Visitor: 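This is the structure I have questions about; it appears just below.
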Protein chains: 2
Amino acid sequence: MKNKIPICREESIGEYVEEVKAKLPSDERIIELSEFLEAFSDSSRLKILLALSFHELCTCDLSEVTGLSVSAISHQLRVLRDKKLVKYRRDGRNVYYSLDDEHVAEILEIAQKHVAERE
Amino acid sequence: MKNKIPICREESIGEYVEEVKAKLPSDERIIELSEFLEAFSDSSRLKILLALSFHELCTCDLSEVTGLSVSAISHQLRVLRDKKLVKYRRDGRNVYYSLDDEHVAEILEIAQKHVAERE
DNA sequence: TTCATATTTGAACAATTGATCAAATGTGTA
DNA sequence: TACACATTTGATCAATTGTTCAAATATGAA
């Protein structure tokens, strides 16, 4: 009679399960990670991040550059601000945004490499 | 009387708008990019990718490691397969998955660095 | 063949998301 | 002060997402 508790656990590879489980970051950490990476998952936000990787721009500039409404831009900038992906400074009536994290540009570059190599 | 057509365009920084617009990848390319990066935006998928960054695992192993149902895992694996982030091989009744792209591990590492530095 | 295990699939549904619109707020100029 | 421009905010709503459940498919063993 077979051991009933585990499934697909007689396989040699199954031994790695405990090992991998131990190496995996905590659930809280994984949620933090996914919240950071979620910022890149929408094409509007991605467009904003790509634009800011070239130059600091104000809300209105970003609207012009991306073709999105000012309101839509502002809503997404709020998300990016909350996640600390962009920083901003006010100059008169304008608010200028720029990337707040070296890692953002790195991820944008790797992703572009990935897509370029896949075609 | 002021020029009425553009807005916030008299600012010196506004000059960069055309420049950035020219540098920005095409809309199609940006959508490709966001579809790739979207794979990282959900904590379940991220957990799967992190687990696979340590070792090749079968669907059932992944269920055990992540605590998600086999069905949920399988649905997400389909997404990751379609996006070519994981590859798989069948061995008997099991299907073993592994990362299919060096860039995936790179992005996982940068994101982890980012979260670690922010705390 | 029949049975057990592993995996995939499709439907259904709650939860989340991103855009739009209208209204409010902030700032500089006359 | 009043006015114009820049930005933010809140409500609404259609569209998308991820999970669950049940059923189907795939493979190996008896």
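What you see is a predicted model; the values in this text were computed from it and never measured. Residue numbers begin at 1 in each chain, while the letters A, B, ... track the order of the sequences.
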Visitor: Within this structure, what is the CG-to-P distance between B:L77 and C:dT8, rounded to whole angstrom?
Guide: 7 Å
Visitor: To the nearest Å, give me how far apart CD (A:E64) and C1' (D:dA6) are.
Guide: 15 Å
Visitor: Should we count OH of B:Y88 as having more than 12 external heavy atoms under 6.0 Å?
Guide: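 Open: at most 12 neighbouring heavy atoms sit under 6.0 Å from OH of B:Y88.
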Visitor: Would you kindly give the NE2-to-P distance between A:H75 and C:dT17, to the nearest whole Å?
Guide: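 It works out to 14 Å between those atoms.
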Visitor: Just compare D:dT7, C:dA19, D:dG18 and give me whichever is closest to any side-chain atom of B:R45.
Guide: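 Taking heavy atoms from C-beta onward, the closest nucleotide is D:dG18.
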Visitor: Dump the intermediate steps for side-chain contact (heavy atoms from CB on, under 4.5 Å) on A:C58 and A:V95, then the final yes or no.
Guide: CA-CA 5 Å; A:C58 71; A:V95 178; 5.8 Å; no
Visitor: Could you tell me the separation between the CZ atom of A:R78 and the P atom of D:dA11, rounded to a whole number of Å?
Guide: 13 Å
Visitor: Should B:Q76 be listed as having a side-chain N or O under 4.0 Å from OP1 or OP2 of D:dT19?
Guide: yes
Visitor: Under a 4.5 Å side-chain heavy-atom rule over Ile, Leu, Val, Met, Phe, Trp and Tyr, are B:L108 and A:I31 clustered together?
Guide: no
Visitor: Think A:R45 forms a cation-pi with A:F40, using NZ or CZ under 6.0 Å from the six-ring centre and within 45 degrees of its axis?
Guide: no
Visitor: Can you tell me how far P of C:dT9 sits from CG of B:D82, to the nearest Å?
Guide: 9 Å
Visitor: Looking at A:E109, I'd like to know if its CD atom is crowded, meaning that more than 12 non-hydrogen atoms belonging to other residues, nucleotides or ligands lie closer than 6.0 Å.
Guide: no
Visitor: Distances under 3.5 Å only, N/O to N/O: pair up the protein atoms with those of nucleotides 24-27 of chain C.
Guide:
| from | atom 1 | to | atom 2 | distance (Å) |
| --- | --- | --- | --- | --- |
| C:dT27 | OP1 | A:R90 | NE | 3.4 |

Visitor: Within this structure, what is the CG-to-P distance between A:L68 and D:dT8, rounded to whole angstrom?
Guide: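 Checked: the CG to P distance equals 15 Å.
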Visitor: Under a 4.0 Å heavy-atom cut-off, which of residues 34-43 of chain B touch DNA chain D?
Guide: B:E38, B:D42
Visitor: If you measure from CG on A:D27 to OG on A:S34, what distance do you get to the nearest 0.5 Å?
Guide: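 Separation between the atoms: 10.5 Å.
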Visitor: Between A:K23 and A:E19, is there a side-chain N and carboxylate O pair less than 4.0 Å apart?
Guide: yes
Visitor: Let's go through A:E32 and B:R118 carefully: what are the C-alpha distance in whole Å and the side-chain angles of both, what is the deciding distance for salt bridge (charged side-chain N to carboxylate O under 4.0 Å, His left out) to 0.1 Å, and is it a yes or a no?
Guide: CA-CA 10 Å; A:E32 282 185 280; B:R118 286 270 166 192; over 6 Å; no
Visitor: Is A:S44 near enough to C:dA19 that one of its side-chain N or O atoms lies under 4.0 angstrom from OP1 or OP2?
Guide: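 Yes, A:S44 has a side-chain N/O under 4.0 Å of OP1/OP2 on C:dA19.
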Visitor: Just checking B:Y97: base, sugar-phosphate only, or nothing, at a heavy-atom cut-off of under 4.0 Å?
Guide: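 Counting heavy atoms under 4.0 Å across all strands, the contact made by B:Y97 is with sugar-phosphate only.
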Visitor: How long is the gap from CG on B:D101 to CG on B:L49, to the nearest 0.5 Å?
Guide: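 One finds 10.5 Å between CG of B:D101 and CG of B:L49.
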Visitor: Closer than 4.0 Å, any side-chain N/O of B:T59 to the OP1 or OP2 of C:dT8?
Guide: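 Yes.
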Visitor: Enumerate all atom pairs, one protein N or O and one N or O from nucleotides 1-3 of chain D, separated by less than 3.5 Å.
Guide:
none

Visitor: Determine yes or no for a side-chain-to-main-chain donor-acceptor pair under 3.5 angstrom, with B:T66 supplying the side chain and B:L62 the backbone.
Guide: yes
Visitor: What nucleotide among C:dT8, D:dC21, C:dA19 has an atom nearest to a side-chain atom of B:S71?
Guide: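 My answer, after comparing the listed nucleotides, is D:dC21.
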Visitor: For A:D100, is there an ion pair with A:R81 - N to carboxylate O distance below 4.0 angstrom?
Guide: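 Here A:R81 does not pair with A:D100 in a salt bridge, since their nearest N and O are not under 4.0 Å apart.
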Visitor: Contact class for B:S74 vs. all strands (heavy atom < 4.0 Å): base, sugar-phosphate, or nothing?
Guide: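 Answer is base: heavy atoms of B:S74 come under 4.0 Å of a base.
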Visitor: Quick one: which of D:dA11, C:dT7, D:dC21 gets closest to the side chain of B:V70?
Guide: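 Selected nucleotide (nearest to the side chain): C:dT7.
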Visitor: Measure from CG on A:D61 to C1' on D:dC5 and round the result to the nearest Å.
Guide: 14 Å
Visitor: Rounding to a whole Å, what distance do you find between B:Y96:OH and C:dT5:P?
Guide: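 Going from OH in B:Y96 over to P in C:dT5 covers 16 Å.
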Visitor: Is any side-chain N or O of A:N94 closer than 4.0 Å to OP1 or OP2 of D:dT7?
Guide: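 Affirmative; the distance criterion is met.
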Visitor: Where does the angle between the aromatic ring planes of A:F36 and B:H114 fall among parallel (under 30°), tilted (30 to 60°) and perpendicular (over 60°)?
Guide: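 Aromatic pair A:F36/B:H114 classed parallel.
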